[in-house]
Amino acid sequence: MKKLLISAIIAASALGATAATASSAWIEQGIKLNARSGPGTHYKVIGTFHACTNVHVVGWQHGWAKVSYNHHYYWVSGKYLQNHACTHYAPKKKHNSYGNSY
């Protein structure tokens with residue numbers, strides 16, 4: 001019984017550690033990011049993520065992030081992820097009174 005209890009505690013700790021390392025991330029603004037079947041460019045592209053898409057990072061391997069999106073797993077290059085939502089703003093158009101553009 002004691003071994004069973006210790007095993008259960010270890011298993012619960014491992015699950016808690018995995019959940020604690022998972023985090024939200026967003027695809028960088030201004031890009032489309034390939035979603036791959038594995039962690040590298042030699043793996044097949046199975047889709048793309050649009051800029052500012054929110055994904056759930058569940059693991060890392062050599063600069064590649066394993067992400068969960070709509071109950072599926074994909075691999076993306078970690079250098080195109082950011083830890084905050086995109087800020088959408090439209091720059092103000094410059095108008096000059098003469099209608100010319102210089």
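Worth knowing before you read on, the calculation uses all heavy atoms, side chains too, and leaves out hydrogens, waters and symmetry mates.
- The shortest non-hydrogen separation linking Q29 to Q82 is N-OE1, 4.3 Å.
- Inter-residue side-chain proximity for V58 and V67 is flagged as unmet; no heavy-atom pair is nearer than 4.5 Å.
- Here CG of L33 is found 10.5 Å from NZ of K79. Values are rounded to the nearest 0.5 Å.
- Atom NE2 of H62 and atom OG of S77 lie 13.5 Å apart (nearest 0.5 Å).
- Other members of the hydrophobic cluster containing W75, listed by chain and number, are W64; membership follows side-chain contacts under 4.5 Å among ILVMFWY residues, whether direct or relayed.
- Distance check, rounded to the nearest 0.5 Å: NE2 of H84 to OG of S24 gives 13.0 Å.
- Between the OG1 atom in T53 and the CH2 atom in W26 there is a gap of 11.5 Å [rounded to 0.5 Å].
- Residues H72 and N70 come closest through the heavy atom pair CD2-O, 3.0 Å.
- In this structure, F49 has its ring center closer than 6.0 angstrom to the ring center of Y74.
- Considering every non-hydrogen atom in both G30 and A51, the closest pair reads N-CB, 3.4 Å.
- I27 and W60 fall within a single hydrophobic cluster, where Ile, Leu, Val, Met, Phe, Trp and Tyr side chains are chained together by heavy-atom contacts under 4.5 Å.
- A donor-acceptor pair is defined here as one N or O able to donate and one able to accept, closer than 3.5 Å; no such pair exists between the side chain of R36 and the backbone of I46.
- The only option from N54, V55, V76 that meets the side-chain contact (heavy atoms from CB on, under 4.5 Å) definition with Y69 turns out to be V55.
- For the pair K66 and Y73, the cation sits on the ring face: its NZ or CZ lies under 6.0 Å from the ring centre, inside 45° of the axis.
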